[in-house]
Structures are given as structure tokens and as C-alpha cells.
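Values in this document were obtained by computation on a predicted structure and should not be read as measured data. Here, residue 1 is the first one in the sequence, and each next residue gets the next number.
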Amino acid sequence: MTADKKMDIKGLRKKLKELYMICFPEDSESYADFFINEKFDGTNCMTLFDGDVLVNMLFLVKKKMVMRGVVFDVPYMVAGGTLPEYRGRGIFNGVILQNFKNLKAAGRPFTGLMPFDTDFYLRQCFVTHSFYKDVPLDGGGLPMKEISFGDIAQMKTVYDGFIRDKNGWFYRDEAAFDLRLREIFGEGGKAYGLFDGGRMEGYILTFDDEEIDEYCGVTPDVIKKYDTHFESVKENVGPGGELDNMLRICDNKLLLGSVKYPADIDMTVTFSVEDSFYAENSGVYSLTVAGGKGMVSDAPKGEIALTVEDLTKLVCGCYDKGAYDERLEKIFPPMLNCALDKF
């Protein structure tokens with residue numbers, strides 16, 4: 001089989017759409033066209049061919065995520081799929097492993113995804129970092145108002161305020177909001193603004209006008225002031241809620257040396273990290289934290305033994321207090337994660 005076979009972009013897009021519709025028949029053809037035309041730039045999809053037959057694809061949608069106060073370029077794993085007659089051979093596992101190696105070589109310390117099967121990705125050591133619970137809506141007295149592209153600046157203001165005290169969130173500029181609205185409207189969906197006195201204090205995006213796909217408000221409870229026809233809204237919570245997005249560290253050392261740390265912490269801790277799926281990502285590290293920065297180096301021996309899943313939970317802050325050594329919990333205090341992007 002041949003990885004990333006050279007072919008003209010038009011022909012490749014055609015083959016990608018055909019495989020997309022085989023792997024995701026529940027999606028509309030119009031959405032497949034939108035996805036491939038808008039989120040594939042000709043370079044961000046891993047492909048595997050058997051002769052002229054496209055047997056596997058994995059898109060790496062380019063996003064920016066804020067992790068511990070730092071904005072990272074994150075190739076986000078989307079629409080990975082294998083031709084049915086080639087499944088059961090471990091092909092997709094091999095593609096995922098190669099992706100981790102590629103990301104490490106490119107200086108991208110982690111990736112993420114919205115899982116189609118959480119158990120499958122647990123075997124590759126992904127960790128759920130974003131959780132939610134469904135909150136019933138009774139409806140308030142203020143009306144909603146349909147909004148569109150001219151309201152993007154206000155939507156971004158609401159989003160930035162909603163997300164700023166959280167972790168593991170996607171940075172969005174106005175172009176990202178434009179793309180998001182085109183995604184919603186292209187499938188017949190709607191966008192609603194929640195205005196009080198002319199000021200937008202929240203917005204709702206929905207594909208089917210029956211369930212909320214995305215909600216942001218200046219506070220989580222803002223939506224309860226409005227007369228909506230939706231039965232419930234998803235509210236981000238800590239571990240223990242419904243599972244949402246997942247993350248996977250591909251370069252422990254790079255990530256540890258890049259994130260910000262609590263400014264009042266001054267300590268050194270050594271620990272080992274075992275990566276059972278991507279062995280080259282295992283290591284033993286000495287981490288010195290001072291003045292909000294971290295210095296990381298290889299160490300001969302670690303005081304604390306961690307798995308890569310443990311390290312992911314610590315860096316994301318998605319763990320229950322008391323789960324880890326108190327020194328590590330001081331360095332990586334718990335944080336609420338909120339990843340509203342799905343694809």
C-alpha cells in the first residue's frame with residue numbers, strides 16, 4: 001500500500017468524498033462537499049492507497065487550542081475512516097501511530113478529536129478532557145432573535161468572555177466564526193442571538209432547530225432568561241459528566257516546556273511517563289517550575305510513575321483532587337475544560 005499517493009487535487013477530492021460517504025452515510029452529500037472543500041486544503045489529510053483504491057483517510061483540520069495559557073497549533077483529527085473490506089487489519093491503528101510520529105517531528109505536542117467510539121481511542125491513550133451535563137430549560141420571558149454573518153463580532157465577544165477562564169478551548173477569530181456559520185446554514189440550521197437592551201449576551205447555534213449544537217453566554221445561566229423552544233442545553237462540567245472531546249499528547253517534553261505554570265510555585269519534581277501505544281513518547285523527566293515557567297530535562301530516574309494518560313489529565317487539569325502526588329497537583333491545578341468545536 002502507498003501512503004499519501006501523489007495525484008491531482010480534483011481527483012483526490014472526488015475519492016475522499018466517495019470514501020467519506022461510505023464511512024459516514026448519516027451525513028448529507030452537501031455536508032461532505034462543505035467539509036472537503038472548506039476544511040481540506042490539499043495538505044492536511046493522511047491517505048492510504050492500494051493501487052488506485054483509496055482505502056483509508058484521516059483529516060487533520062488546522063485549529064488553535066489554548067492549553068494552560070498558551071495558544072498551540074493543533075492538527076485536529078477528523079473523519080478518519082477505512083474502506084469496509086479493508087477493516088480489521090489494523091490499518092487505522094497504524095495510520096494513527098504514524099500521525100503521532102509526524103506531529104512530534106513537526107513540533108506539534110498534542111492532537112485532539114471528537115470520538116465516534118471512545119473505547120477505541122482509549123486504546124491509543126486518548127483522554128477525555130471536556131465533559132458536559134444536560135440542563136433542562138423552562139424558558140424565560142425575553143425573545144430570541146435570528147442572527148447571521150453581520151453579528152460575528154458580537155458573537156466573538158461573547159465567546160471570548162465565556163471561554164477565557166477555562167482550559168482546553170479552541171481559539172476562534174472572525175474567519176473561524178464565518179466558517180462555523182456557513183457550516184450551520186449550509187445544512188439548514190439557524191443561529192439565534194440572546195439580546196438584552198441591544199447587547200448580545202449569548203448565542204445559540206442549531207443544525208435542526210430542535211437541539212442546541214453550541215451555546216455561549218456571558219454566564220452559563222443567561223439562556224434561562226430567554227423564551228427558547230429548546231428542551232435542554234449542555235453545560236460544561238468536570239470529570240464525571242457526559243464524555244465530550246478527547247486529547248492525546250504526542251511530545252511530553254515539548255508540551256511540559258511550553259505551557260504556563262502557577263506564578264507562585266517554585267519546585268522541582270522528577271517523574272516517568274509510560275506511553276503504551278507510542279513507545280518513543282515514553283521518558284523520564286525533571287521539571288523545574290519557577291516564575292510561571294517550566295524547565296524540563298531528561299532524568300535518570302523518576303520519583304513518581306505516570307502513564308501518558310495521567311500526564312494528559314494533569315496538563316488539562318481534568319482530574320479529581322487527591323488523584324495524584326500533591327506536588328504535581330500544585331504544578332497542574334484542576335481546571336474546567338471546554339471544547340466547543342466538534343469537527
Side-chain angles (χ1 to χ4, degrees), residues 61 63-67 69 71 74 76 112 114 128-187 189-238 241-245 247 316-318 335-343:
V61 176
K63 292 183 177 290
K64 293 182 181 294
M65 178 177 274
V66 177
M67 183 63 63
V71 180
V74 178
Y76 193 70
M114 181 69 183
T128 299
H129 77 106
S130 182
F131 303 82
Y132 70 88
K133 66 177 180 180
D134 283 311
V135 178
L137 293 175
D138 296 326
L142 295 176
M144 299 190 301
K145 173 187 173 183
E146 286 198 40
I147 57 175
S148 191
F149 298 99
D151 300 291
I152 283 176
Q154 291 187 82
M155 293 175 68
K156 185 177 184 306
T157 297
V158 170
Y159 179 87
D160 290 346
F162 176 81
I163 214 82
R164 65 187 171 197
D165 62 342
K166 300 175 179 65
N167 192 43
W169 55 274
F170 292 100
Y171 171 82
R172 287 185 188 170
D173 56 17
E174 293 195 3
F177 273 98
D178 180 90
L179 182 65
R180 183 74 168 117
L181 287 181
R182 285 191 286 119
E183 181 178 40
I184 292 288
F185 296 152
E187 292 300 292
K190 293 184 177 181
Y192 295 101
L194 309 180
F195 292 89
D196 190 354
R199 170 177 171 262
M200 183 187 288
E201 55 179 14
Y203 69 80
I204 294 169
L205 303 180
T206 173
F207 277 105
D208 57 11
D209 213 22
E210 294 180 4
E211 293 186 1
I212 296 174
D213 191 71
E214 176 176 322
Y215 161 69
C216 272
V218 292
T219 69
D221 291 335
V222 157
I223 193 172
K224 296 178 181 178
K225 293 166 50 179
Y226 291 83
D227 182 15
T228 79
H229 53 271
F230 301 104
E231 293 183 357
S232 65
V233 64
K234 291 180 172 62
E235 180 180 318
N236 282 94
V237 295
E242 295 291 325
L243 309 182
D244 199 22
N245 289 53
L247 283 184
C316 291
C318 57
M335 299 187 75
L336 179 63
N337 285 247
C338 182
L340 294 182
D341 289 35
K342 306 303 180 194
F343 309 108

### Summary
Only residue of F170, F149, Y171, Y159 satisfying ring pair (Phe, Tyr, Trp, His ring centres under 6.0 Å) with F177 is Y159

### From CA spacing to verdict: side chain to side chain contact (heavy atoms under 4.5 Å, CB included), T206, E211
CA-CA 6 Å; T206 173; E211 293 186 1; 5.5 Å; no

Write down the atom of [X], the atom of [Y], and the distance for their closest heavy-atom approach.
| X | Y | value |
| --- | --- | --- |
| L340 | C216 | CD1-SG, 3.4 Å |
| T128 | D244 | CG2-N, 3.8 Å |
| F131 | C318 | CE1-CB, 4.4 Å |
| C338 | S130 | CA-OG, 3.9 Å |
| M144 | I204 | SD-CD1, 3.9 Å |
| Y76 | M114 | OH-N, 3.3 Å |

### Task
For residues 131-158, pull every pair meeting side-chain hydrogen bond (donor to acceptor under 3.5 Å, both in side chains), keeping only residues two or more places apart or in separate chains.
K156-D160

Side-chain donor-acceptor pairs under 3.5 Å in residues 190-199, sequence neighbours left out?
residue: Y192; atom: OH; partner: D209; partner atom: OD1; Å: 2.8
residue: Y192; atom: OH; partner: D209; partner atom: OD2; Å: 3.3
residue: D196; atom: OD2; partner: K225; partner atom: NZ; Å: 3.0

### Query
Can Y226 and E201 be said to form a side-chain hydrogen bond (donor to acceptor under 3.5 Å, both in side chains), step by step?
CA-CA 11 Å; Y226 291 83; E201 55 179 14; 2.7 Å; yes

### Query
Under a 4.0 Å N-O cut-off, is there an ion pair linking D173 with K64?
no

### Task
May I have the step-by-step check of side chain to side chain contact (heavy atoms under 4.5 Å, CB included) for M335 and C316, ending in yes or no?
CA-CA 7 Å; M335 299 187 75; C316 291; over 6 Å; no

When you compare the side chain of [Y] with that of [X], does any pair of heavy atoms fall below 4.5 Å?
| X | Y | result |
| --- | --- | --- |
| L181 | L205 | yes |
| F230 | I223 | no |
| R182 | D178 | yes |
| M65 | V71 | no |

### Contacts of type ring pair (Phe, Tyr, Trp, His ring centres under 6.0 Å), residue F162, not counting sequence neighbours
none

### Query
Are N167 and H129 close enough, and set up right, to give a side chain to side chain contact (heavy atoms under 4.5 Å, CB included), and what steps lead you there?
CA-CA 9 Å; N167 192 43; H129 77 106; over 6 Å; no

### Task
Output, in order, the C-alpha distance, side-chain angles, deciding distance and verdict of salt bridge (charged side-chain N to carboxylate O under 4.0 Å, His left out) for E214 and R180.
CA-CA 10 Å; E214 176 176 322; R180 183 74 168 117; 3.1 Å; yes

### Task
Go through the steps for Y215 and E235 under the test side-chain hydrogen bond (donor to acceptor under 3.5 Å, both in side chains), then give the verdict.
CA-CA 9 Å; Y215 161 69; E235 180 180 318; over 6 Å; no

## Note on the structure
Output for pair (I212 CD1, E231 CD), nearest 0.5 Å, gives 10.5 Å

#### Entry: Approximate separation, where rounding is to 0.5 Å, of F207 CZ and E183 CD
4.5 Å

#### Entry: Check against side chain to side chain contact (heavy atoms under 4.5 Å, CB included), R172 and I163
CA-CA 11 Å; R172 287 185 188 170; I163 214 82; over 6 Å; no

